[in-house]
Engineer: 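Sharing a structure, written as structure tokens. Questions coming.
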Amino acid sequence: VECWAISYPQVVNCSWDLSPEPLLDTDFMATYRHGMPGGMEPSECIRTGPRSCSFGNMQMFSLTPYVVNVTAVNPLGAASGHQLFLLENIIKPDPPEDLRVSPIPGETTKLLLEWRPPGSWPFPNYFPLKYHIRYSWEESSVTKMVGPFEQTSFILTGARAGIRHHVQVAAKDIMDSGEFSAWSLVAS
């Protein structure tokens, strides 16, 4: 069972795998609760796919963990798995969107990079993100990284005139909670 929060603090998404993969039809029951057994009653994790679910109404900055429990049931019996987590530890934004790379007139070694926070990140003004940039140029196996930066634009210096550059951006919670997003789509 794996859970992550792409739209902190609104929604947690969870998915699961079985090993070994069952040969029989298998049903799943997914629940979550805030706190350990004996605390609040488990609530249903709303299914979003055959092996995924999500839930909301999260309590920010709580030192009490959430527990997601998934039970697989088929004619041979049942098996359960769970994940225990603090909300801030599983923050993983979606990648930044609409990355654009533009030459700067009169500046042959500089490129202007601009992007937007992920659309699934609900309150970028209240919960800002920081960004890392990675770039390379055609016919080179060297990839360089810069960052982190809080702004959604950056002037890349040291570009090579007349050579196509490839750029990507990743986002992370500004307080360094959780992990970086996957890299954005490549812009050139």
Side-chain angles (χ1 to χ4, degrees), residues 1-15 32 34 48 52-66 68 83-188:
V1 178
E2 180 182 9
C3 298
W4 62 97
I6 63 168
S7 58
Y8 177 82
Q10 293 181 321
V11 177
V12 168
N13 298 303
C14 300
S15 65
Y32 73 95
H34 188 207
T48 56
S52 62
C53 68
S54 67
F55 59 95
N57 197 21
M58 309 300 298
Q59 186 175 340
M60 295 170 32
F61 310 118
S62 172
L63 296 178
T64 303
Y66 282 87
V68 173
Q83 184 181 8
L84 183 76
F85 61 86
L86 295 175
L87 179 60
E88 282 69 27
N89 291 347
I90 64 163
I91 296 172
K92 184 178 181 180
D94 280 334
E97 299 173 355
D98 298 330
L99 174 60
R100 297 173 308 284
V101 180
S102 309
I104 299 174
E107 300 282 350
T108 59
T109 62
K110 294 181 181 178
L111 295 170
L112 174 62
L113 314 178
E114 299 174 290
W115 61 89
R116 288 188 312 111
S120 58
W121 195 255
F123 307 112
N125 292 337
Y126 299 111
F127 300 104
L129 295 169
K130 61 182 176 180
Y131 303 94
H132 269 129
I133 298 166
R134 76 176 177 187
Y135 64 97
S136 63
W137 47 93
E138 282 186 351
E139 301 177 20
S140 174
S141 60
V142 176
T143 299
K144 296 191 175 194
M145 287 185 51
V146 291
F149 306 102
E150 294 178 28
Q151 67 273 13
T152 56
S153 65
F154 182 76
I155 294 178
L156 184 65
T157 59
R160 298 181 178 197
I163 296 177
R164 183 177 296 272
H165 289 67
H166 306 290
V167 180
Q168 291 178 291
V169 181
K172 187 175 186 182
D173 172 67
I174 198 163
M175 299 304 293
D176 222 23
S177 298
E179 60 185 275
F180 268 97
S181 70
W183 290 101
S184 68
L185 297 174
V186 175
S188 300

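Just the heavy atoms: all of them, side chains too, but no hydrogens, waters or symmetry mates, feed the values below.
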Engineer: Considering residues at least two apart in sequence or located in another chain, which fulfil the side chain to side chain contact (heavy atoms under 4.5 Å, CB included) criterion with Asn89?
Structural biologist: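 Asn89 satisfies side chain to side chain contact (heavy atoms under 4.5 Å, CB included) with Leu86 once adjacent residues are dropped.
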Engineer: Checking side-chain contact (heavy atoms from CB on, under 4.5 Å) for the pair Leu87/Gln59: CA distance, chi angles, key distance, verdict?
Structural biologist: CA-CA 8 Å; Leu87 179 60; Gln59 186 175 340; over 6 Å; no
Engineer: Run the side chain to side chain contact (heavy atoms under 4.5 Å, CB included) test against Pro128 and tell me which residues pass, sequence neighbours left out.
Structural biologist: Ile174
Engineer: Considering only heavy atoms from C-beta outward, does the side chain of Phe85 approach that of Val12 to under 4.5 Å?
Structural biologist: yes
Engineer: In Å, rounded to the nearest 0.5 Å, how long is the span from CD of Glu107 to CD1 of Ile155?
Structural biologist: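 Atom-to-atom, Glu107:CD and Ile155:CD1 are 8.0 Å apart.
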Engineer: With sequence neighbours left out, what residues match Tyr135 under ring-ring contact (aromatic ring centres under 6.0 Å, His included)?
Structural biologist: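 For Tyr135 there are no ring-ring contact (aromatic ring centres under 6.0 Å, His included) partners, ignoring immediate neighbours.
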Engineer: If you take all heavy atoms of Tyr131 and Glu150, which pair is closest and at what distance?
Structural biologist: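 It is CE1-O, 3.8 Å.
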Engineer: Name all residues meeting the side-chain hydrogen bond (donor to acceptor under 3.5 Å, both in side chains) criterion together with Thr108; count only those two or more places apart in sequence or in a different chain, and write none if there are none.
Structural biologist: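 None.
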Engineer: Under the side chain to side chain contact (heavy atoms under 4.5 Å, CB included) test, which residues partner Glu179, sequence neighbours left out?
Structural biologist: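 Side chain to side chain contact (heavy atoms under 4.5 Å, CB included) check on Glu179 returns Lys92.
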Engineer: If you look only at distance, which donor and acceptor atoms sit under 3.5 Å apart when one is on a side chain in residues 162-171 and the other is two or more places apart or in another chain?
Structural biologist:
residue, atom, partner, partner atom, Å
His165, ND1, Ile163, O, 2.8
His165, NE2, Arg160, N, 3.1
His166, ND1, Ser188, OG, 2.7
Gln168, OE1, Arg134, NE, 2.9
Gln168, OE1, Arg134, NH2, 2.9
Gln168, NE2, Ser184, O, 2.8

Engineer: Kindly list each side-chain donor-acceptor pair under 3.5 angstrom involving residues 110-119, sequence neighbours excluded, with atom names and distances?
Structural biologist:
residue, atom, partner, partner atom, Å
Arg116, NE, Asp98, OD2, 2.6
Arg116, NH2, Glu97, OE1, 3.0
Arg116, NH2, Asp98, OD2, 2.8

Engineer: List for me each residue that meets salt bridge (Lys or Arg N to Asp or Glu O under 4.0 Å) alongside Glu139, sequence neighbours excluded, and say none if there are none.
Structural biologist: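 Scan of Glu139 (salt bridge (Lys or Arg N to Asp or Glu O under 4.0 Å), adjacent residues dropped) gives none.
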Engineer: Going from OH on Tyr8 to CD on Glu88, what distance comes out if it is rounded to the nearest 0.5 angstrom?
Structural biologist: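 Reported value, rounded in 0.5 Å steps: 3.5 Å.
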Engineer: Nearest 0.5 Å please: distance from the OG atom of Ser140 over to the CD atom of Glu138.
Structural biologist: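 It comes to 10.5 Å.
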Engineer: Can you name the residues that form a ring-ring contact (aromatic ring centres under 6.0 Å, His included) with Phe154, not counting sequence neighbours?
Structural biologist: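 So Phe154 forms a ring-ring contact (aromatic ring centres under 6.0 Å, His included) with Phe149.
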Engineer: Which pair of heavy atoms, one from Asp173 and one from Trp121, lies closest together, and at what distance?
Structural biologist: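 Closest approach of Asp173 to Trp121, heavy atoms only: OD1-CZ2, 4.4 Å.
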Engineer: Write out all pairs satisfying salt bridge (charged side-chain N to carboxylate O under 4.0 Å, His left out) with one or both partners inside residues 1-12, taking only residues at least two apart or from two chains.
Structural biologist: none
Engineer: Please check if the number of heavy atoms outside Met175 that lie under 6.0 Å from its CE is greater than 12.
Structural biologist: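 Open.
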Engineer: Crowded around Tyr126 OH? As in, over 12 foreign heavy atoms under 6.0 Å?
Structural biologist: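 No, not enclosed.
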Engineer: Work out which heavy atom in Ser120 is nearest to a heavy atom in Asp94; give both atom names and the distance.
Structural biologist: OG-OD2, 2.7 Å
Engineer: Please report the shortest heavy-atom distance between Ser54 and Asn13, naming the atom on each side.
Structural biologist: CB-OD1, 3.3 Å
Engineer: Check side chain to side chain contact (heavy atoms under 4.5 Å, CB included) between Ser7 and all other residues, then give those that pass, not counting sequence neighbours.
Structural biologist: Gln10, Val11, Pro122
Engineer: State which residues pass salt bridge (Lys or Arg N to Asp or Glu O under 4.0 Å) with Lys144; sequence neighbours excluded, sorted by chain then number.
Structural biologist: none
Engineer: Over 60° means perpendicular and under 30° means parallel, so classify the ring planes of Tyr66 and Phe55, tilted if in between.
Structural biologist: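 Plane angle between 30° and 60°, so tilted.
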Engineer: For Cys14 and Cys53, is the interatomic SG distance under 2.5 angstrom?
Structural biologist: no
